[in-house]
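Working notes, structure below.
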There are 2 protein chains.
Amino acid sequence: MSQRNQNRGERISEAEHAVMEVLWDTNPISASDVCEAICAERDWSIATVKTLLSRLVQKEVVGTEPDGRKFLYRPLIERSDYVGVESRRLVDRLFGGRAAPLFAQLAESEALTDDDLAEIEALLREMRK
Amino acid sequence: MSQRNQNRGERISEAEHAVMEVLWDTNPISASDVCEAICAERDWSIATVKTLLSRLVQKEVVGTEPDGRKFLYRPLIERSDYVGVESRRLVDRLFGGRAAPLFAQLAESEALTDDDLAEIEALLREMRK
DNA sequence: TCGCTTCGGCTACAGACGTAATCGAAGAAT
DNA sequence: ATTCTTCGATTACGTCTGTAGCCGAAGCGA
């Protein structure tokens, strides 16, 4: 059921979200290992990662636990919660809360692969029950 | 086909987007009429609307034309373009570019009404050809 | 024990954003 | 003509974001 845990709207920024993805993928994890995972890709310095981590801790969406002399970080919110909130936010903002127009939009802009279509059809059949 | 017109990534902020919605709805339109349309709802002053309008003009997503002593504003980008870009951005960021998981997410979080389902099914049938 | 390295914490700082007041030109009213 | 009103333009300013440097404590190597 994954209860709502998007702390009173404490928004997670784009860069912060990139860090969250790492934490969701592997956790608990140290700051330097997070850097290991994305610094190259995003062309960041370790300092940047540390700042983002501490902002996430402040926002109470990431927790820490001491590990010897260093810290390990772990997400305090579920990725599915985050993704759900963000998806809904977009649907609300851009499509008046209706999902069908979003679907139409994606279809029109060719963002739907054949695989997507097949999968969605399967899901639909699934829900039909 | 609505060619790409999201000017070299000039992002439109949330507040700016609200103004764009008014312009897409009615245009050309004067600053005060835009205010008429949203100032109450968003609890803004006319000054705020004027700032947002000029930022949109700077970003070249809104154009102006003189109308006697005042200006009329009109959108320079299609709503469908904007919506397409934003939708894709979300799908890329949150679902690795795949639309099916987004669909699943919406389904799971009960963001899909029966109407949505029916509409999507219709669209699917449509695309099947 | 004395630097060298490593970490987290604090500080910094420019650009974007939300929100708005003020200013100067141009009309409108009298 | 003089004042009042209306606009767009300019300026303001606090917060958030992206990006990072510096500092002091704690281990580590010698």
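Each chain gets a letter, A, B and so on, in the order its sequence line appears, and its residues count up from 1.
For C/dC17, one of the phosphate oxygens OP1 or OP2 lies less than 4.0 angstrom from a side-chain nitrogen or oxygen of B/Lys59. When the side-chain nitrogen and oxygen atoms of B/Arg69 are compared with OP1 and OP2 of C/dA28, one or more of them lie within a distance under 4.0 Å. Regarding contacts with the backbone of D/dT10, every side-chain N or O of B/Ser54 stays at 4.0 angstrom or more from both OP1 and OP2. Between B/Ser13 and C/dG18 there is a side-chain N or O to OP1 or OP2 distance below 4.0 Å.
Distances from the side chain of B/Ala47 to the nucleotides C/dA21, D/dG18, D/dG8 place C/dA21 closest. In the set C/dA20, C/dC7, D/dA20, C/dC7 carries the atom at the smallest distance from any side-chain atom of A/Ser32. Distances were taken from every side-chain heavy atom of B/Thr48 (C-beta onward) to each of C/dC17, D/dC7, C/dT19; the shortest belongs to C/dT19.
Among the heavy atoms of the strands, none lies under 4.0 Å from B/Thr64. B/Ser30 comes within 4.0 angstrom of no nucleic acid atom, judged by non-hydrogen atoms across all strands. Note on A/Lys50: a base of the nucleic acid sits closer than 4.0 angstrom, heavy atoms only.
In this structure, B/Arg55 does not pair ionically with B/Glu10, as no charged nitrogen and carboxylate oxygen lie closer than 4.0 Å. Between A/Glu16 and A/Lys59 there is a salt bridge, since at least one side-chain N of the basic residue sits less than 4.0 Å from a carboxylate O of the acidic one. Using a 4.0 Å cut-off between a side-chain N of Lys or Arg and a carboxylate O of Asp or Glu, A/Glu119 and B/Arg98 qualify as a salt bridge.
The separation between A/Glu10 atom CD and D/dT15 atom C1' is 13 Å, rounded to whole Å. Taking atom CD1 on B/Ile46 and atom P on D/dC7, their separation rounds to 8 Å, with Å as the unit. For A/Asp67 and C/dG8, the CG to P distance is 10 Å, given to the nearest whole Å. For the pair A/Leu52 CG and D/dT17 C1', the computed distance is 9 Å after rounding to whole Å. In this structure, A/Gln58 places its CD atom 11 Å from P of D/dT17, rounding to the nearest Å. In this structure, B/Tyr73 places its OH atom 11 Å from P of D/dC7, rounding to the nearest Å. One interatomic measurement links the two molecules: CG of B/Asp33 to P of D/dG8, which rounds to 10 Å at whole-angstrom precision. Taking atom CZ on A/Phe71 and atom C1' on D/dA25, their separation rounds to 13 Å, with Å as the unit.
Below the 3.5 angstrom threshold, one finds no donor paired with an acceptor across the side chain of B/Ser45 and the base of C/dA20. Side-chain atoms of A/Arg42 and base atoms of D/dG18 include no donor and acceptor less than 3.5 Å apart. Judged by atom type and distance alone, A/Arg55 reaches the base of D/dT19 through a side-chain donor-acceptor pair under 3.5 Å.
Taking CG of B/Leu56 as the reference point, atom CG of B/Leu76 lies at 10.0 Å (rounded to 0.5 Å). Expressed to the nearest 0.5 Å, how far CG of A/Leu23 lies from CZ of A/Arg74 amounts to 10.0 Å.
Both A/Thr51 and B/Ala31 sit near DNA chain D, but only B/Ala31 has its closest nucleotide nearer the 5' end.
At a threshold of 4.5 Å between side-chain heavy atoms, the hydrophobic network of Ile, Leu, Val, Met, Phe, Trp and Tyr places B/Leu72 and B/Val22 in two separate groups.
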